[in-house]
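Starting from 1, each residue takes its place in the sequence as its number.
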Amino acid sequence: MAEQDTKHYSVRFYFNGGLVAEYVVEGTSLDSVNTEISQMYLAGKEDALQNGIISTSKANGYDVVENASIDPKLDTIVWHMAQ
């Protein structure tokens, strides 16, 4: 059985005041990553990453998009303000 190619996806959680927590994960498809993140968000679970924890129960929403970075830092949270 051939292995499926993995791609990188950016996951963003949105919080009050315009705060965004963003990180990159690997996955086989956008649908599979989105399903996993959706289940975590709807359950209000915490997402433990290399440099912190995101409490999805406090997030107002999320999105998952393909990441085109050549060398992304996987599972590392970057906090920034929404523009």
Side-chain angles (χ1 to χ4, degrees):
M1 179 184 284
E3 283 187 39
Q4 290 183 322
D5 290 332
T6 58
K7 295 181 180 178
H8 296 119
Y9 299 91
S10 291
V11 177
R12 294 182 206 118
F13 285 98
Y14 299 94
F15 298 90
N16 286 336
L19 186 62
V20 179
E22 182 172 0
Y23 60 97
V24 177
V25 297
E26 286 184 324
T28 56
S29 73
L30 180 59
D31 286 342
S32 68
V33 173
N34 192 50
T35 298
E36 181 180 340
I37 298 301
S38 176
Q39 290 172 349
M40 182 185 334
Y41 175 71
L42 293 173
K45 292 184 177 180
E46 292 185 341
D47 195 0
L49 300 160
Q50 288 182 13
N51 62 333
I53 295 174
I54 296 173
S55 179
T56 65
S57 66
K58 295 183 179 17
N60 296 324
Y62 74 94
D63 68 5
V64 180
V65 296
E66 281 196 41
N67 182 294
S69 298
I70 293 173
D71 189 21
K73 293 183 178 181
L74 296 175
D75 297 326
T76 300
I77 303 170
V78 176
W79 294 92
H80 59 87
M81 297 302 291
Q83 296 181 8

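- A distance of 13.0 Å separates CG of Asp31 from CD of Glu36, quoted to the nearest 0.5 Å.
- Annotation: side-chain contact (heavy atoms from CB on, under 4.5 Å) contacts of Ser57 (sequence neighbours excluded): Ser55.
- Nearest heavy-atom pair across Gln50 and Leu74 is NE2-O, 3.4 Å.
- A side-chain N or O of Asn67 and one of Ser69 form a donor-acceptor pair less than 3.5 Å apart.
- Applying the under-4.5 Å side-chain rule to Ile, Leu, Val, Met, Phe, Trp and Tyr, the cluster around Leu49 extends to Tyr9, Val11, Phe13, Phe15, Leu19, Tyr23, Val25, Leu30, Val33, Ile37, Met40, Tyr41, Leu42, Ile54, Tyr62, Val64, Ile77, Trp79, Met81.
- Side-chain atoms of Ser10 never come within 3.5 Å of backbone atoms of Val65 as a donor-acceptor pair (strictly under, hydrogens ignored).
- Glu66 has its side chain out of reach of His8: every pair of non-hydrogen atoms, C-beta onward, lies at least 4.5 Å apart.
- Residues Val24 and Pro72 come closest through the heavy atom pair CG1-CB, 3.8 Å.
- In this structure, the separation between CG on Asp63 and CD on Glu22 is 8.0 Å, given to the nearest 0.5 Å.
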